[in-house]
Amino acid sequence: MSGMSAVRAEFDLTRALDAACSGTARTALCGVLLALVWFAPLGYRALLTPDEGRYATIALEMMRSGDWITPRLNGFLYFEKPALQYWMGALAFHLFGVNDFAARLWPGLTGLLTVLAVAYTARRLWGRAAGGHAAMVGAGTTWIIANSHFLSLDMGLTFFLTLALCAFLLGQRDGAGDDERRRAMWVTWAAIAGATLSKGLVGVLIPGATLVLYSLLNRQWAFWRRMHWGTGLPLFLALAAPWFVAVSLRNPDFFEFFFIHEHFQRYLTDEAQRVGAPWYFVPFLLVGFMPWTTTLPALARLGARRDDSQTFQPLRLLLVWSAFVFVFFSVSRSKLPSYILPMFPALALLAAAWLERVDASRLPRHLLLPVAGCVAMIVVAPFADRFATHDTPAEILRPMALLMALGAALFIAGAALAWRALRRGHRNAATLVVAAASLVSVTLVMSGHDSHGSLKSSEEAVEALAPELRADDPVFSVAMYDQTLPYYLRRDVTLVAYSGELAFGQRHDPQRWIPTLEQFDARWRALPRGAAMMPRALFLQMQHAGLPMRVVYEDPRRVVVVRS
C-alpha cells in the first residue's frame with residue numbers, strides 16, 4: 001500500500017470510529033458488545049479463597065437450606081455481612097445452576113449497571129456526548145472491571161451507592177420539576193436501603209457524610225428540605241429493616257456481633273488484622289483508575305471550581321463524595337483494596353464532564369502513563385521465573401506473564417490508534433478505543449491469574465478427590481480452611497484446629513468442629529473412611545507420626561489425603 005493510501009485508510013478508520021460513537025446504532029451495538037465481553041469471562045476462572053469461596057458457599061447453603069434469614073458459612077452462623085448478596089447468589093444458582101458463572105453473576109451484573117447508571121446520569125446532566133464518555137470511562141476503568149469479575153460484596157455495594165448518588169444529582173439539579181425530584185429521591189432512599197442490605201451502616205454513612213460535608217463547604221441547606229423525608233425515610237425502613245428485625249429475633253446475639261463487632265471494632269481497632277498505612281489506598285487509586293489516572297489532578301480542579309451559573313453544584317458533590325470515601329477508609333484500622341471502589345463511578349462522572357470541556361489536543365499526553373506501564377509489563381514478563389518461590393513455582397507464573405504481556409501489547413496497540421484519532425480531532429473514537437482496549441486487556445490479565453488461582457482454589461483438589469469419596473465419608477480441613485472447599489465439594493467440611501472468622505459460629509455450635517490435632521488424630525485412626533486437606537508441613541509431620549493416609553492430590557501449599 002502506498003504512503004498516501006495508508007494515510008487515507010487510517011483517516012477512514014478513525015472517521016468511521018468517530019461516526020460509530022454517535023447515534024442510536026452505536027448505542028445498541030456498543031451495548032451488545034460490552035455485555036458480551038463483560039459477562040463472558042465470569043465463569044472462566046476458578047473461585048478463589050477467601051472471599052469468592054466464602055460468599056459462594058453462603059449463597060449455596062442458603063439456597064439448599066431454604067433459610068433466607070440466617071446466613072451460614074460451612075454450617076456455622078455467619079453474621080459479618082447482611083443478606084442481600086447471598087439472596088442474589090442463591091437466586092443465580094437456582095436460575096443457572098451451581099457454577100462459577102452464577103457465583104459471580106451478581107458482581108458482574110451490578111458492575112455493568114453501575115456503568116449504565118453513570119452514563120445515564122452524565123447524559124441527563126451534560127448531554128448525549130457526556131453520557132457516552134461516562135460509559136466509556138466507567139467500562140474502561142481497571143478497578144471497576146476487576147471488581148465486577150471478582151466475587152466480593154464491594155461491587156454490589158458500589159452499585160447501590162452509585163444509584164443513590166446519581167438519583168440525588170438528577171433530583172436536586174437546578175431545573176428539576178417537583179414530580180421528577182420526588183421520584184428521584186425515592187430512588188435515592190431505596191438505593192441507600194440496598195446499600196445497607198449489601199454491607200451494613202456504610203450504606204448510610206457514605207451518602208449522609210457526603211451531603212453534610214457538601215452543605216458545610218458550599219453553605220447550602222435548601223436541598224435537605226427537598227429530600228422527601230416523609231415518604232423517603234419510611235421507604236428506606238420498609239426495605240432495609242425487615243431482614244435486620246427478623247435475623248435479630250431468630251438470633252439474639254446478632255445485634256451485638258454485627259453492629260458493635262463488625263462495624264465499630266473493625267473500623268477502630270486492629271482486631272481484623274488488616275492494618276495499613278495512611279497511604280495504603282494511594283497505589284490502588286492510581287492503578288485502579290488506569291488508563292485515566294493522569295486526569296485526576298484535572299478532575300480535582302474541575303470539581304473544586306464553582307459554577308456561578310447554577311445553585312446546585314453537581315461537580316463539587318462528586319469531588320466531595322470521592323474525597324470522603326478515600327479519606328474515610330484511609331483512616332480505618334481495617335483496610336482491603338476494594339474498599340475505595342465506591343469513589344470510582346463518581347470519578348467517571350467527573351471525567352465525563354471534563355472530557356466535554358478539555359481541548360482534544362491536550363489528551364494524547366494522558367496516554368503516556370498507561371502505555372509506559374504496559375511497556376514495563378512486557379519487559380518484566382520474560383523474567384517471571386525470577387519471582388518464583390517454593391509456594392509459587394515458575395510453571396504457575398509463566399502463563400500469567402504471557403497473558404499479562406499479551407494484554408499490555410493489546411492496550412499499546414489501542415493507545416496508538418487512539419493517539420492517531422486524537423491528532424485528527426476524533427475525541428469520541430479515541431475514548432472508545434482506549435476504553436475497549438482497557439476492558440479487554442484487564443480481562444486477559446485476570447484470565448492469566450487462573451494459573452496462580454489454582455493454588456488458592458480447591459477446584460482441582462476436589463476433582464482429584466471426587467472418585468475416592470462416598471456420599472457419607474467425612475471430609476476434614478486440618479489447621480487450614482480453604483473457603484472454596486465446601487463450595488466445590490457441595491457440602492460442609494469439619495474444621496480441625498482452625499477458627500479465624502468462624503470463631504463466633506464455633507462458640508454457638510462447638511460439636512461441629514474439632515479443636516485440637518490430638519483429637520483429630522484419634523478420630524481419623526478410628527474411621528474406616530474419610531478425607532482431609534492440610535498444609536504440606538503438617539502432612540509431613542503426620543506422615544512421620546504414622547497416621548494412616550494416602551495422597552490423592554498435592555500442590556506446593558497443601559495435600560489432600562484419604563483414609564480407605
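T494 and W513 share no side-chain donor-acceptor pair at under 3.5 Å. A donor-acceptor pair shorter than 3.5 Å cannot be found between the side chains of Y55 and Q483. A donor-acceptor pair shorter than 3.5 Å cannot be found between the side chains of S215 and Q220. Looking at S152 and D51, their side chains never bring a donor and an acceptor atom within 3.5 Å of each other. For the residue pair R54 and Y78, a side-chain donor N or O sits within less than 3.5 Å of a side-chain acceptor on the partner.
Taking OG1 of T142 as the reference point, atom CG of L439 lies at 10.0 Å (rounded to 0.5 Å). The distance from the CD atom of E459 to the CD atom of E463 is 5.0 Å, given to the nearest 0.5 Å. From M62, atom CE reaches atom CG of L91 across 12.5 Å, with rounding to the nearest 0.5 Å. Taking CG of L489 as the start and OG1 of T57 as the end, the distance is 9.5 Å to the nearest 0.5 Å. Distance check: R45 CZ to T443 OG1 gives 9.0 Å after rounding to the nearest 0.5 Å. The CZ atom of F79 sits 5.5 Å away from atom OG1 of T70, with the distance rounded to the nearest 0.5 Å.
Electrostatic pairing of D473 and R470 does not count as a salt bridge here, judged by no charged N lying under 4.0 Å from a carboxylate O. Ion pair D100/R104 not flagged as a salt bridge, since none of the NZ, NE, NH1 or NH2 atoms sits closer than 4.0 Å to an Asp/Glu carboxylate oxygen.
In this structure, the side chains of L211 and V320 stay at 4.5 Å or more apart for every pair of heavy atoms. Proximity of F476 to L527: side-chain heavy atoms (C-beta onward) are separated by under 4.5 Å at one or more points. Put simply, the side chain of V561 does not reach to within 4.5 Å of the side chain of E554, judged on heavy atoms. With contacts defined as side-chain heavy-atom distances shorter than 4.5 Å, the pair L318/M343 does not qualify. When side chains are defined from C-beta on, V559 does not count as touching P535, because their heavy atoms never get closer than 4.5 Å. The shortest side-chain heavy-atom distance between D521 and M542 does not fall under the 4.5 Å cut-off. Using a 4.5 Å cut-off on side-chain heavy atoms (C-beta onward), L161 and L165 make no contact. Within the 4.5 Å cutoff, the side chain of F168 has no heavy atoms near those of the V187 side chain.
Proximity of the aromatic rings of W189 and H228 is defined here by a centroid distance below 6.0 angstrom, and this criterion is not met. Checked against the 6.0 Å centroid criterion, the rings of F344 and W321 do not qualify as a close aromatic pair.
Nearest heavy atoms, L47 versus A56: CD1-CB, 3.6 Å. Closest approach of V562 and E468 over heavy atoms only: CG1-CB, 4.1 Å. Across A184 and G171, no two heavy atoms sit closer than the pair CB-CA, 3.5 Å. Residues P486 and Y481 share a closest heavy-atom pair of CG-OH, 3.4 Å. Scanning all heavy atoms of the two residues, the minimum distance from N147 to S338 falls at OD1-CB, 3.3 Å. The nearest pair of heavy atoms linking W143 to P337 is NE1-O, 3.3 Å.
For the pair T141 (side chain) and I144 (backbone), a donor-acceptor distance under 3.5 Å is absent. Side-chain atoms of E61 come within 3.5 Å of backbone atoms of G75 as a donor-acceptor pair (strictly under, hydrogens ignored). Remark: side-chain polar atoms of E52 are paired, donor with acceptor, to backbone N or O of L48 under 3.5 angstrom. With T49 contributing its side chain and S457 its backbone, the two residues share no donor-acceptor pair below 3.5 Å. Panel note: side chain Q85, backbone S198; no donor-acceptor pair is recorded below 3.5 Å. R525 contributes no side-chain N or O that, together with a main-chain N or O of P548, makes up a donor-acceptor pair within less than 3.5 Å. Checked by atom type and distance alone, the side chain of Y487 never pairs as donor or acceptor with a backbone atom of I58 at under 3.5 Å. Between the W229 side chain and the W224 main chain, a donor and an acceptor come within less than 3.5 Å of each other. In this structure a side-chain-to-backbone donor-acceptor pair under 3.5 Å is present from N218 to Y214. Side chain of W524 to main chain of A531: no donor-acceptor pair is present (N/O by atom type, distance under 3.5 Å, no hydrogens or angles).
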Quiz item: Step by step, would you call R558 with M533 a side chain to side chain contact (heavy atoms under 4.5 Å, CB included)?
Solution: CA-CA 7 Å; R558 63 213 161 154; M533 175 182 286; 4.2 Å; yes
Quiz item: Which is it for M549 and F539 under the side chain to side chain contact (heavy atoms under 4.5 Å, CB included) test, yes or no, and what are the steps along the way?
Solution: CA-CA 10 Å; M549 52 188 174; F539 163 74; 3.6 Å; yes
Quiz item: How far apart are the C-alpha atoms of R491 and V475, what are their side-chain angles, what is the distance that settles it, and do they pass the side chain to side chain contact (heavy atoms under 4.5 Å, CB included) test?
Solution: CA-CA 9 Å; R491 56 165 158 157; V475 180; 3.9 Å; yes
Exercise. Give the C-alpha distance, both sets of side-chain angles, the deciding distance and a yes or no for side chain to side chain contact (heavy atoms under 4.5 Å, CB included) between L201 and L205.
Key: CA-CA 6 Å; L201 295 180; L205 177 66; 5.7 Å; no
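Taking the ring centre of F264 as origin, the terminal cationic atom of R266 falls outside the region bounded by 6.0 Å and 45° from the ring axis. Judged by a 6.0 Å distance limit and a 45° cone about the ring axis, R512 is positioned over the six-membered ring of F76.
Ring geometry, H508 versus F504: the interplanar angle falls from 30° to 60°, so the pair is classed tilted. Ring pair Y280/F284 is tilted by interplanar angle, where 30° to 60° counts as tilted. Classified by interplanar angle (parallel below 30°, tilted 30° to 60°, perpendicular above 60°), the ring pair Y267/F328 is parallel. Between F101 and F96, the two ring planes are perpendicular [angle over 60°; tilted spans 30° to 60°]. Under the 30°/60° scheme for interplanar angles, the aromatic rings of F254 and W243 are found to stand perpendicular. Ring-plane geometry between F329 and Y339 is classed as tilted, the angle between the planes lying from 30 to 60 degrees on a 0 to 90 degree scale.
Screening residues 193-206 for salt bridge (charged side-chain N to carboxylate O under 4.0 Å, His left out) gives D154-K199 as the qualifying pairs, with residues at least two apart or on separate chains. Within the structure, salt bridge (charged side-chain N to carboxylate O under 4.0 Å, His left out) contacts touching residues 222-250 (residues at least two apart or in different chains) are D67-R250.
With H263 as the fixed residue, the ring pair (Phe, Tyr, Trp, His ring centres under 6.0 Å) test singles out one of F257, F258, F255: F258. Of the residues L349, T121, L169, the one that meets the side chain to side chain contact (heavy atoms under 4.5 Å, CB included) test with P314 is L169.
Annotation: W221, atom CH2; neighbour count of heavy atoms from other residues, nucleotides and ligands within 6.0 Å is above 12. A 6.0 Å sphere centred on OH of Y120 holds no more than 12 heavy atoms belonging to other residues, nucleotides or ligands.
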